[in-house]
Amino acid sequence: MKKIILGATELKISPIIFGGNVFGWTLNEKESFEMLDAITELGINCIDTADVYSRWVDGNSGGESEKIIGKWMKERGNRDKMIICTKAGMDMGQGGIDISEKHIKKSIDDSLNRLQTDYINLYYAHKDDETTPPEETLGAFKDLIDDKKVQYIGASNFSAERLRKSMVTSRENDLPAYTVFQPEYNLIERSKFEGDIEHVCKEFNLGVATYFSLASGLLTGKYTSEKDIESSSRTSYVKKHWNAKVKNIIDTVSTIAKSHHVSPAAVALTWVLQRPTVTAPIASATKKEHLNAFKEAALLELTISEKETLNNISA
């Protein structure tokens with residue numbers, strides 16, 4: 001895959017980022033290793049994970065995804081070839097969202113240990129904690145960058161107001177600035193990015209890496225009825241978004257996919273990829289054959305008419 005630059009960093013990444021939330025959740029360690037081998041063979045060199053993945057699974061405490069990725073990189077001896085993005089700030093037992101200096105500095109060491117590495121390429125504040133001033137969070141990140149534990153920093157799930165405040169704070173106080181923003185964004189959910197938050201990203205030249213780019217699988221075409229939804233590992237998200245408008249979007253995506261002889265997932269990913277303010281979508285897979293959609297999306301060009309159709313039905 002042709003490499004692109006991730007936002008205001010010097011990181012050269014694949015045009016699609018692999019979502020590591022599946023490691024230790026829907027994929028066990030052996031299956032995860034097979035998937036990691038498959039994505040690198042395809043040319044994907046960027047993995048997005050978080051310390052909290054996959055704390056929501058019974059018996060897990062968080063860090064499962066990072067541990068698997070770390071063990072795999074150690075066995076393959078390929079750390080220098082991978083771009084690793086991870087996050088801190090979600091509840092890891094401390095009782096809530098926390099991007100204080102104390103929590104960030106503990107979290108980075110925990111993540112480095114699990115990943116069996118001495119640096120993170122891109123380290124995100126996973127969610128905003130409005131009780132912590134931006135000066136404190138960015139000051140903690142400065143120390144991590146100075147200690148060479150982190151190369152670049154990013155933010156996820158911030159309001160436009162708080163993201164702008166953080167960017168202005170970094171500028172006025174000679175603190176490191178976020179280089180990448182990570183929003184939820186796909187054909188089904190556009191409002192969480194488009195508008196104010198997108199304007200802030202443009203204003204400060206932030207890279208944008210979108211999560212839920214395939215709407216937790218809704219845009220892959222695998223759900224055609226309520227029966228399909230009931231057997232999903234992501235039932236709550238899929239049920240929440242299942243309605244007549246979404247069915248229409250899925251049908252339209254499938255129709256466009258047939259005309260190009262590609263999968264619906266490829267069309268949905270390409271739509272995100274070709275949005276002017278998006279750098280790269282994050283997408284997961286649980287089966288190797290799902291990766292065909294990534295390959296197709298990297299090569300597919302939607303027509304102006306197809307883009308307009310998708311824009312209109314998903315507006």
Side-chain angles (χ1 to χ4, degrees), residues 1-6 12-19 22 35 38-48 183-194 198 207-225 228-229 232 234 237-238 241-315:
M1 285 188 179
K2 183 181 176 183
K3 299 298 186 284
I4 59 173
I5 299 294
L6 180 55
K12 292 181 180 178
I13 67 161
S14 43
I16 296 169
I17 299 167
F18 193 84
V22 292
M35 181 60 71
I39 66 170
T40 51
E41 191 176 325
L42 187 62
I44 293 174
N45 69 333
C46 187
I47 303 171
D48 179 89
E184 178 180 349
Y185 189 56
N186 55 59
L187 274 164
I188 291 168
E189 178 51 76
R190 294 173 58 180
S191 63
K192 290 181 182 177
F193 175 58
E194 292 181 10
E198 184 178 18
V208 175
T210 61
Y211 72 85
F212 284 169
S213 305
L214 291 171
S216 278
L218 265 175
L219 291 166
T220 64
K222 68 178 178 180
Y223 300 109
T224 57
S225 67
D228 295 333
I229 292 169
S232 170
R234 307 185 184 208
Y237 182 94
V238 175
H241 292 83
W242 187 257
N243 56 43
K245 180 183 175 182
V246 167
K247 288 178 190 175
N248 186 33
I249 292 171
I250 293 168
D251 288 345
T252 305
V253 166
S254 296
T255 299
I256 293 172
K258 283 176 186 173
S259 71
H260 286 278
H261 306 289
V262 297
S263 62
V267 172
L269 279 177
T270 301
W271 179 84
V272 177
L273 256 173
Q274 294 179 1
R275 299 298 286 170
T277 49
V278 171
T279 309
I282 300 165
S284 303
T286 53
K287 295 178 181 175
K288 288 182 190 176
E289 52 264 34
H290 295 166
L291 296 178
N292 290 333
F294 295 17
K295 198 173 184 179
E296 291 167 344
L299 300 171
L300 181 61
E301 281 289 337
L302 296 174
T303 67
I304 292 171
S305 172
E306 288 166 343
K307 287 181 194 174
E308 285 178 354
T309 299
L310 291 169
N311 291 346
N312 292 336
I313 64 162
S314 64

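Here the structure is a predicted model, which means the values were calculated and not measured.
Legend: residues meeting salt bridge (charged side-chain N to carboxylate O under 4.0 Å, His left out) with E194, ordered by chain and number and at least two apart, are R190, R275. The side-chain hydrogen bond (donor to acceptor under 3.5 Å, both in side chains) test applied to T270 returns no partner, not counting sequence neighbours. In this view, E184 and K192 satisfy the salt bridge (charged side-chain N to carboxylate O under 4.0 Å, His left out) rule, not counting sequence neighbours.
With rounding to the nearest 0.5 Å, the separation of CD1 in I39 from OG in S14 is 8.0 Å. Rounding to the nearest 0.5 Å places CZ of F294 at 11.0 Å from CG of L273. Rounded to the nearest 0.5 Å, atoms CD1 (I250) and CD1 (I188) are 5.0 Å apart.
E296 and H260 form no side-chain donor-acceptor contact under 3.5 Å, judged by distance and modelled atom types alone.
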> Can I5 and K12 be said to form a side-chain contact (heavy atoms from CB on, under 4.5 Å), step by step?
Replying inline: CA-CA 5 Å; I5 299 294; K12 292 181 180 178; 3.6 Å; yes
>> Go through it in stages, so that I can follow the logic: the residues are Y211 and D48, the test is side-chain contact (heavy atoms from CB on, under 4.5 Å), and I'd like the CA-CA distance, side-chain angles, deciding distance and then a yes or no.
In response: CA-CA 9 Å; Y211 72 85; D48 179 89; over 6 Å; no
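Contact annotation: the side chain of N45 never approaches that of M1 to less than 4.5 Å [non-hydrogen atoms, C-beta and beyond]. For the pair N186/E189, a side-chain contact is recorded, criterion being any heavy-atom separation below 4.5 Å from C-beta on. Between I313 and L187 the shortest side-chain heavy-atom distance does not fall below 4.5 Å.
The number of heavy atoms from other shown groups lying within 6.0 Å of NZ (K287) does not exceed 12. Within a 6.0 Å radius of NZ in K295, no more than 12 heavy atoms belonging to other residues, nucleotides or ligands are found. Remark: E289 CD is packed, more than 12 non-hydrogen atoms of other residues, nucleotides or ligands lying under 6.0 Å away.
For the side-chain contact (heavy atoms from CB on, under 4.5 Å) with V253, the qualifying choice from V267, T309, L218, T220 is V267, the only one to do so.
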